[in-house]
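Read through the structure below, which is laid out as structure tokens, and then see the notes.
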Amino acid sequence: PTRVVARPAANPGTPQDVARLPLIGKMAIGRQLLVLVGLLTVLGGAAAYVAFNDNRTATYGTIYLSGAGELRMLSQRIGKAIQTALQGSAPAFRELQDARERYTQTLNLLAIGGQAAGVTVPPTSEAVLPALSQLQSEWGKAERELQLVVSQQKSLVGLAAAVCSLNASNPTLLEMAEQLQTARVAASAPAREITSLGQLVAASQRLGRGVNALLGADAIDTEIGAVIAEDAKQFGVLLAAIEESARATQADAPTLVLLGKLAPAYKEFQTAVDGVLANAKALADAKVAGKRVVQTSEALLAGSEKLLAGYQEELAGRATSFLVLGMLALMAALIVWLMVKAYTDDQRGQAIEARRINQANEEAILQLMDEMQNLADGDLTVNATVTEAVTGALADAVNLTIQELRGLVGQITDAEAMVTAATESAQETSRELLAATEKQAAQIRQARSEEHTSELQSRLHLVCRLLLE
């Protein structure tokens, strides 16, 4: 029979040879995955918190930037509107008031926080607060001057209306004065009256220039007001003297008609002049305040630019949030990789353990087969090696069977020895019987006849052969 020879197999290694994760590598795979999932959850929570804060910062930053941009726009609008308002424009005052209110609201929102676009905005951070405080200081100065200008809205609008009225009535006065002068020269009026008419025309021209200078000046010039008042008074005196002279000389009807029209026009003009001069002090203060507001608007514009730059720089700090989110993402990816590695290592360890067990079983089976080969050759002295392997119980059963076989073979050997001894004893007895028979046959031959002895001997020989067989 062919002998089975156990061949040494390659060493499959042990599960301990597999690289394990540090710290938690000795835990069961379920526990390792639980720990890694916990870490991944913590990282996810941290990333969500950072993302939430970043989104909130971006929202606040956008509102801050929008507010600073609006302040910059409003500072320019205020600078333009104040100049038009000083000319007595009622729409400019409405625009100025609206810009003033919006500027105050936006500045308060940035300073103390509040609701904006459905979001509760906190106050400006400490990093940008110095720029905001400086802008608040400049706005406080401008606000006081604006208050003074707005308080004189009625006077400034009235001044503009009066000036318009004066500008409208002055050409009429001048035209009528010139017509009257022409008519009186044609009528050969006295030289004194003609001189007065010339002075009246000159006074009309000066009044027109003075009124326009009063409205267009950056400040109310008291000298211009005094000149206007003096010219208006002189116009009245000259008109009265001309009327008196015309009646004294019995002027013609056209002259009297012109004088009749000129007198009411002068009264209307005088009323407007009186209204302007009555508010000259307040108008002068408003003009000065308006000029300071124009100057302050430049500081407001510069302050808003600085504030806008501060908010932009603060918003640029979001790069730190992006960096943190990137690091958290990398850490999360690392944990996922560790989870995959832990699972792969566990599977590799199980595969190595399975190969080791299979190899051990194979070696045990080959060893048992080799030992059984000796039994197959008839060696009942062999004993199968009993181990902890899967063949241990089988080897124990085989040893028990061999032991029983050895006992059975011993009994067969003993029985064979007994049969041999009995056979040898029977053969000795047969030999003794044969010798006795032969001796008896010889005696019988002597006693009988030869023929009878011979027959008897043949029978005896037959009996002996039968016994031997």
Interatomic spacing from [atom1] in [X] to [atom2] in [Y] - rounded to 0.5 Å:
{"X": "L307", "Y": "L129", "atom1": "CG", "atom2": "CG", "result": "10.0 Å"}
{"X": "Q105", "Y": "L74", "atom1": "CD", "atom2": "CG", "result": "10.0 Å"}
{"X": "L328", "Y": "L323", "atom1": "CG", "atom2": "CG", "result": "9.5 Å"}
{"X": "S297", "Y": "L146", "atom1": "OG", "atom2": "CG", "result": "9.5 Å"}
{"X": "T344", "Y": "L338", "atom1": "OG1", "atom2": "CG", "result": "11.0 Å"}
{"X": "T106", "Y": "I63", "atom1": "OG1", "atom2": "CD1", "result": "12.0 Å"}

- W139 and T104: side chain to side chain contact (heavy atoms under 4.5 Å, CB included), yes or no, with the steps? CA-CA 9 Å; W139 175 245; T104 301; 3.4 Å; yes
- Under a 4.0 Å N-O cut-off, is there an ion pair linking K233 with E230? no
A side-chain contact here means heavy atoms from C-beta on lying under 4.5 Å apart; do [X] and [Y] qualify?
{"X": "Q115", "Y": "V121", "value": "no"}
{"X": "R102", "Y": "M73", "value": "yes"}
{"X": "W337", "Y": "V340", "value": "no"}
{"X": "Y103", "Y": "L300", "value": "yes"}
{"X": "L71", "Y": "L135", "value": "yes"}
{"X": "Q359", "Y": "R355", "value": "no"}
{"X": "I352", "Y": "R348", "value": "yes"}
{"X": "L315", "Y": "Y64", "value": "no"}

- Does S151 reach the main-chain N or O of L148 with its side chain, forming a donor-acceptor pair under 3.5 Å? yes
- Message: Has N358 got a side-chain atom pairing as donor or acceptor with A354's backbone, closer than 3.5 angstrom?
- Response: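 Side chain of N358 to backbone of A354: a pair is present.
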- Item | Which residues share a side chain to side chain contact (heavy atoms under 4.5 Å, CB included) with S89, sequence neighbours left out | T84, P91, A92
Looking at every non-hydrogen atom in both residues, tell me the closest pair between [X] and [Y] and how far apart they are.
{"X": "A342", "Y": "I29", "value": "O-CD1, 3.4 Å"}
{"X": "V149", "Y": "A289", "value": "CG2-CB, 3.8 Å"}
{"X": "V128", "Y": "T124", "value": "CB-CG2, 3.6 Å"}
{"X": "S75", "Y": "S304", "value": "OG-OG, 4.3 Å"}
{"X": "I335", "Y": "L36", "value": "CG2-O, 3.4 Å"}
{"X": "G79", "Y": "I82", "value": "O-CG2, 3.2 Å"}

- Taking only residues two or more places apart in sequence, or in another chain, which ones meet Y49 in a side-chain hydrogen bond (donor to acceptor under 3.5 Å, both in side chains)?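 Residues passing side-chain hydrogen bond (donor to acceptor under 3.5 Å, both in side chains) with Y49: N53.
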- Task: Can you sort out the partners of R77 under side-chain hydrogen bond (donor to acceptor under 3.5 Å, both in side chains), two or more places apart, ordered by chain and number?
- Result: none
Side chains of [X] and [Y] only: does a donor on one sit below 3.5 Å from an acceptor on the other?
{"X": "Q134", "Y": "E138", "result": "no"}
{"X": "E145", "Y": "T296", "result": "no"}
{"X": "Q350", "Y": "D346", "result": "yes"}

Whether over 12 other heavy atoms sit under 6.0 Å from [X] [atom1]:
{"X": "E313", "atom1": "CD", "answer": "no"}
{"X": "M331", "atom1": "CE", "answer": "no"}
{"X": "E126", "atom1": "CD", "answer": "no"}

- Q199 and T195: side chain to side chain contact (heavy atoms under 4.5 Å, CB included), yes or no, with the steps? CA-CA 6 Å; Q199 293 175 349; T195 302; 4.0 Å; yes
- Message: The test is side chain to side chain contact (heavy atoms under 4.5 Å, CB included); show your working for Q147 and R100 and say whether it passes.
- Response: CA-CA 10 Å; Q147 180 62 34; R100 174 189 175 193; 2.3 Å; yes
